[in-house]
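Please read these numbers as outputs of a predicted model, since none were measured by experiment.
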Amino acid sequence: MKKYKWHKVADSVEELHFGSNNLLQLTVDGKKICMAKFNDQYHACLSKCPHAGGNMADGFLDAKGNIVCPLHRYTFNFVNGRDITGEGYFLKVYPVKTGDEGIFVGIDEGNIFSWIK
């Protein structure tokens with residue numbers, strides 16, 4: 001079972017200023033993270049596309065809530081991070097918790113991706 005260190009990114013959802021694409025970039029624990037809002041649910045992933053390094057916050061969400069890279073249109077699922085277009089890439093995703101205490105992103109510690117900023 002993964003252990004997460006939860007980082008508060010906002011006191012409320014009103015503090016998060018999503019762009020017209022429902023994405024925003026922020027830094028959490030030294031990592032550039034892309035947050036997404038889709039159907040009143042919040043998701044987070046590494047901001048750098050694993051294919052060519054595109055900034056995922058400059059991309060968009062498709063009709064199913066998958067995130068699409070702005071450079072080559074690779075599309076990734078927020079549940080497992082896999083690209084759904086079949087190229088075999090994996091985008092690091094992070095859990096998001098919302099509640100009365102605020103909005104939190106969980107960074108798993110001690111895994112092979114912990115060094116990625």
Is Tyr89 linked to Val68 within one hydrophobic cluster, defined over Ile, Leu, Val, Met, Phe, Trp and Tyr using a side-chain heavy-atom separation of less than 4.5 Å?
no
Tell me, yes or no, whether the heavy-atom count around Lys5 atom NZ, taken from other residues, nucleotides or ligands under 6.0 Å, exceeds 12.
no
Linking I/L/V/M/F/W/Y whenever their side-chain heavy atoms sit closer than 4.5 Å, directly or via other members, would Leu24 and Phe60 fall into one cluster?
no
Taking every heavy atom of Val93 against every heavy atom of Gly81, the minimum-distance pair comes out as CG1-CA, 3.8 Å
Please give me the minimum heavy-atom distance between Ala36 and Phe78, naming the atom from each residue.
CB-CZ, 3.6 Å
Single hit among His7, Met35, Glu15 for side-chain contact (heavy atoms from CB on, under 4.5 Å) with Ile103:
Met35
Within the side chain of Asn21, is there an N or O that forms a donor-acceptor pair under 3.5 Å with the backbone of Leu23?
yes
Calculate, to the nearest 0.5 Å, the distance between atoms CD1 and NZ belonging to Ile84 and Lys64 respectively.
6.5 Å
Name each donor-acceptor pair under 3.5 Å that joins a side chain in residues 37-50 to protein atoms two or more places apart or in another chain, with its distance.
unit_1: Ser47; atom_1: OG; unit_2: Gln25; atom_2: OE1; d: 2.8
unit_1: Ser47; atom_1: OG; unit_2: Asn55; atom_2: OD1; d: 2.8

Linking directly or through intermediates, with side-chain heavy atoms under 4.5 Å: list the remaining ILVMFWY members grouped with Phe104, chain and number order.
Tyr4, Trp6
To the nearest 0.5 angstrom, please state how far the CG atom of Asp11 sits from the CG atom of Asp100.
12.0 Å
Approximate separation, where rounding is to 0.5 Å, of Asp62 CG and Arg73 CZ
12.0 Å
All heavy atoms of Phe76 vs all of Leu91, minimum pair found to be CD2-CB, 3.6 Å
Please examine the side chains of His51 and Glu87, heavy atoms only from C-beta on, and report whether any two atoms are closer than 4.5 Å.
no
Same hydrophobic cluster for Leu71 and Met56, using side-chain heavy-atom links shorter than 4.5 Å among ILVMFWY?
no
Shortest non-hydrogen contact from Gly88 toward Arg82:
O-NH1, 4.0 Å
Could you tell me the separation between the CD1 atom of Ile67 and the OH atom of Tyr74, rounded to the nearest 0.5 Å?
16.0 Å
